[in-house]
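A quick write-up on the structure given underneath.
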Amino acid sequence: MLTREALSRYFPNQLLQPIRLFQTYPRENLRSDLIAGLTVAVILIPQAIAFTLIADLPVEMGLYAAVLGAVVGGLWGSANQLHTGPANAISLLVASALVSIAEPNSSPYILAAGMLAVMAGLFQTFLGLARLGVLVNFVSHSVIIGFTTGAGILIGIKQIEPLLGVTLPNSSVLATLSGAATQLTSVHLPTLLIGTGTIALILVIHKLSPKLPGPLIAMILASAAVFVLRLNHSGVGVIGELPRTLPPLADLPIFKLELISQLSSGALAIASIGLVQTAAISRALAAQTGQRMDNNQEFVGQGLANIAAGLFSGYPISASFARSAVNEEAGAKTPLAALFSGVFALLAMFALAPLAAYLPLSALAGVLILTAVRLVDYKAILRIWRGARKDAVILLITLVGTLFLRLDFAVLAGILLSFAIYIMDTSAPRVRAVMPDEDFRHFVPRVDKPQCPQLGVLEIQGDLYFGAVDHVEESIQQHLARNPTQRFLLLRMHNVNQIDFSGIHMLENVVNTCRSRGGGMYMVRIKKPVLELMKSTGFHGFLGADHFLDEDKAIEHLFYKILDPAVCIYESNTRTFRECQNLVRPDYAVEIPVMQVLQSTVDEIPPRDLWQRLHQEELPAVFDVREPREYQQGHIPKARLFPLPKLLENYRELPDGQQIVLVCRSGRRSTRAARYLQSKGYNQVCVLQGGMLKWEAEGLFEALGK
């Protein structure tokens, strides 16, 4: 016997969702799902009829699509309350995509609608099986708001003709409106009364009891009025009797490449809007129910539902927020509630088919006008317009395109604009300089405080991929140009989730820049995937393992081991970090020379050479120009303490005619002193290369003893 585990060897797990659904179905949910399915079926039929008219298709196509969408979408979907079937915005897209293909309601038009559904479904299924559901997150919600707002306006304008009972030009929005204005005197009064009466009745029912199916009740009463008063013989347009058959297999032109090419942009737009709309509805439902969503499974469900609808005489479909909300309110527990709604709708088709012969088109127009009004989300539009300028631009462009351009072009333009803005945002991540706050607990931007003269702390707030590295490198270089004395950089990397080889190469350039200044670059808070790539590409070794620091100890390490305290003491009054708060710059009688040029022009003696000379008879005169506390922590034997300020003030006390070796922590202070002494006529002066740091690194403390 083939089990789900056995089938999973041959089929993707997403295609086995129905088996998983029935195997894990809790029987105690059956009653709730049946009730929810019956409730949704009540509004599914009138919505399917109305939305099909938007697409200029035969009503039965909408009913077939409603049944198949509910059943297949329920079986292969993942959201417990999501309901799939005919949707207003998708229907409008279908009409726009087919307007240049054939005449509405003609056989080529109908077959092209089925092809659209299959093509859109294949695209959606591919995205789901390829686990590309994450792509929907890159489409701005403003595209949906802009498109649905434009769709609502277009749907409302399109219902003017059946509501008034007149014939209007359908070439553009402006042509339809101007045509309606010129034909106000030709309005068919019974048609108008039925349409406006339907609108009024739905509003009254909704006000008295929102849970009652107002559109269904109003349409039944409108049909009864047409039947009793025989208004269909007085010029009131009706739908006509519906067929009582199961959805038949359509003879689609699947090998007609020219037609496929003509439908491709429309199919892509329908698939994209359907997926974005489905994801938005799923997220909204999940926020209320707490269910964990699977976009990939939902994409497969939507794709297979569209394929089934196209193959069996339907047209493109999508998730519906209104029906999904009703499904959730009615107590749906699992996706089987949607399946039950499709079964109940199919049974109702057979029972109500004769009544549809008297269903007036103006009543459906009234239902659609109310639907169109609800599509315009005024609150969301105002929120976007007031607070999110980029989203407002996307909304406006999509809205204007929906009203005045081809709908598939408008949708794809909005989606492409979303991607473009995303790329622009991610390709220019912020690189900001930060410093400790007043309590030295957190790093924050401090424009009110000057930068440390030696160390710049930068945060990179975005991923380092090929599209962003130029901006990041330029920002870092600009920071270094504004702070020419900073030889060291500390990069905080906690906001960098991804990096590619372009990012690695950029970091190497920054390291080389810091090294050319006589300093270096250090890093903290690196994410594991980023660190792994740094190791695999050799950057970890290039920078040095000791340059990857623990954030809590990074400043302490840099202050005591790397930075030159002489800069803080003698050259700057800036006290940026906790460690340098106790440093005081004393007043000296002699001005301390500032290191304007980083490359030394003073002779240097390597530590090991000095160590060997200290064992000879003619000892050089070694003077340690550090501060007393530094000298006490460790010094070269036979080196005399002569702090830099005192040396500059009392340089005449130095021996003349004897080689003098000056020692400090890293070589910067001793170089200052050497240059000063050279200006005073001392020619036999050199400095310990690398200072005490290098002396200690070569193990000479152990050789001579501290």
Side-chain angles (χ1 to χ4, degrees), residues 453-454 484-485 487-488 512 514-520 561-571 588 590-628 630-631 633-704 706:
Q454 297 191 79
T485 64
R487 299 184 298 133
F488 299 95
N512 288 330
C514 292
R515 288 175 178 173
S516 69
R517 288 176 164 231
K561 299 291 186 180
I562 306 300
L563 303 183
D564 187 352
V567 175
C568 304
I569 297 172
Y570 307 132
E571 297 182 10
Y588 299 112
V590 178
E591 184 177 353
I592 306 296
V594 177
M595 291 284 287
Q596 300 292 347
V597 182
L598 296 174
Q599 290 78 14
S600 175
T601 58
V602 178
D603 291 338
E604 296 181 331
I605 180 172
R608 194 158 295 278
D609 289 353
L610 178 60
W611 178 83
Q612 292 175 350
R613 293 196 60 187
L614 290 175
H615 290 77
Q616 298 175 358
E617 294 184 1
E618 295 184 4
L619 297 179
V622 181
F623 293 94
D624 194 323
V625 299
R626 295 179 297 165
E627 296 299 303
E630 296 176 277
Y631 181 83
Q633 292 174 356
H635 58 272
I636 296 174
K638 303 180 182 179
R640 289 180 288 172
L641 177 63
F642 210 153
L644 178 60
K646 292 184 178 180
L647 182 144
L648 299 179
E649 187 176 357
N650 304 291
Y651 68 91
R652 293 183 179 84
E653 297 179 8
L654 295 174
D656 193 8
Q658 182 182 4
Q659 184 179 24
I660 297 174
V661 178
L662 301 177
V663 177
C664 69
R665 180 173 172 274
S666 65
R668 288 174 63 87
R669 278 175 283 183
S670 57
T671 301
R672 287 184 180 85
R675 287 178 179 165
Y676 185 78
L677 293 177
Q678 286 175 344
S679 68
K680 299 300 182 180
Y682 287 82
N683 298 320
Q684 300 185 55
V685 179
C686 64
V687 300
L688 176 63
Q689 185 183 71
M692 294 300 298
L693 291 177
K694 192 168 184 180
W695 180 277
E696 183 177 7
E698 294 191 7
L700 299 180
F701 268 141
E702 287 74 16
L704 285 175
K706 293 187 180 181

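The shown structure was predicted, so the numbers you read here are calculated from the model rather than taken from an experiment.
- A distance of 9.0 Å separates CD in Glu627 from NZ in Lys646, rounded to the nearest 0.5 Å.
- Asp624 CG to Met692 CE: the interatomic distance, rounded to the nearest 0.5 Å, is 6.5 Å.
- With sequence neighbours excluded, no residue forms a ring pair (Phe, Tyr, Trp, His ring centres under 6.0 Å) with Tyr682.
- With sequence neighbours excluded, the residues that form a side chain to side chain contact (heavy atoms under 4.5 Å, CB included) with Cys514 are Leu489, Val510, Met521.
- Using a 4.5 Å heavy-atom cutoff, the side chains of Val602 and Gln678 are in contact.
- Atoms OG1 and CD, on Thr485 and Gln454 in that order, are 8.0 Å from each other to the nearest 0.5 Å.
- By the 4.0 Å N-to-carboxylate-O rule, Glu630 lies close enough to Arg669 to be salt-bridged with it.
- Residues passing the side chain to side chain contact (heavy atoms under 4.5 Å, CB included) test with Ser666 are Asp564, Arg668, Leu693, sequence neighbours excluded.
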What do the steps show when you test Leu688 against Ile636 for side-chain contact (heavy atoms from CB on, under 4.5 Å), and what is the final call? CA-CA 11 Å; Leu688 176 63; Ile636 296 174; 3.9 Å; yes

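- When every heavy atom of Leu614 is checked against every heavy atom of Trp695, the shortest pair comes out as CD1-CH2, 4.2 Å.
- Every residue meeting the side chain to side chain contact (heavy atoms under 4.5 Å, CB included) condition with Leu641, not counting sequence neighbours, appears here in chain and number order: Pro628, Tyr631, Pro643.
- Separating the CZ atom in Arg640 from the CG atom in Leu647 is a distance of 10.5 Å, to the nearest 0.5 Å.
- Summarising the geometry, atom CD belonging to Gln689 is positioned 8.0 Å from atom CD belonging to Glu698; distances are rounded to the nearest 0.5 Å.
- Separation of atoms CG (Leu644) and OH (Tyr676) is listed at 10.5 Å; rounding is to 0.5 Å.
- Residues forming a salt bridge (Lys or Arg N to Asp or Glu O under 4.0 Å) with Arg665 (at least two apart in sequence, or on another chain): none.
- Looking at every heavy atom in both residues, Ser670 comes nearest to Val687 through O-CG1, 3.4 Å.
- Nearest heavy-atom pair across Gly518 and Arg487 is O-NH1, 2.6 Å.
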Side-chain polar contacts of residues 651-664 - donor-acceptor pairs under 3.5 angstrom, sequence neighbours left out - could you list them?
from, atom 1, to, atom 2, distance (Å)
Gln658, NE2, Leu619, O, 3.2
Gln659, OE1, Arg613, NH1, 2.3
Gln659, OE1, Arg613, NH2, 3.1

Output, in order, the C-alpha distance, side-chain angles, deciding distance and verdict of side-chain contact (heavy atoms from CB on, under 4.5 Å) for Leu610 and Val622. CA-CA 9 Å; Leu610 178 60; Val622 181; 4.2 Å; yes

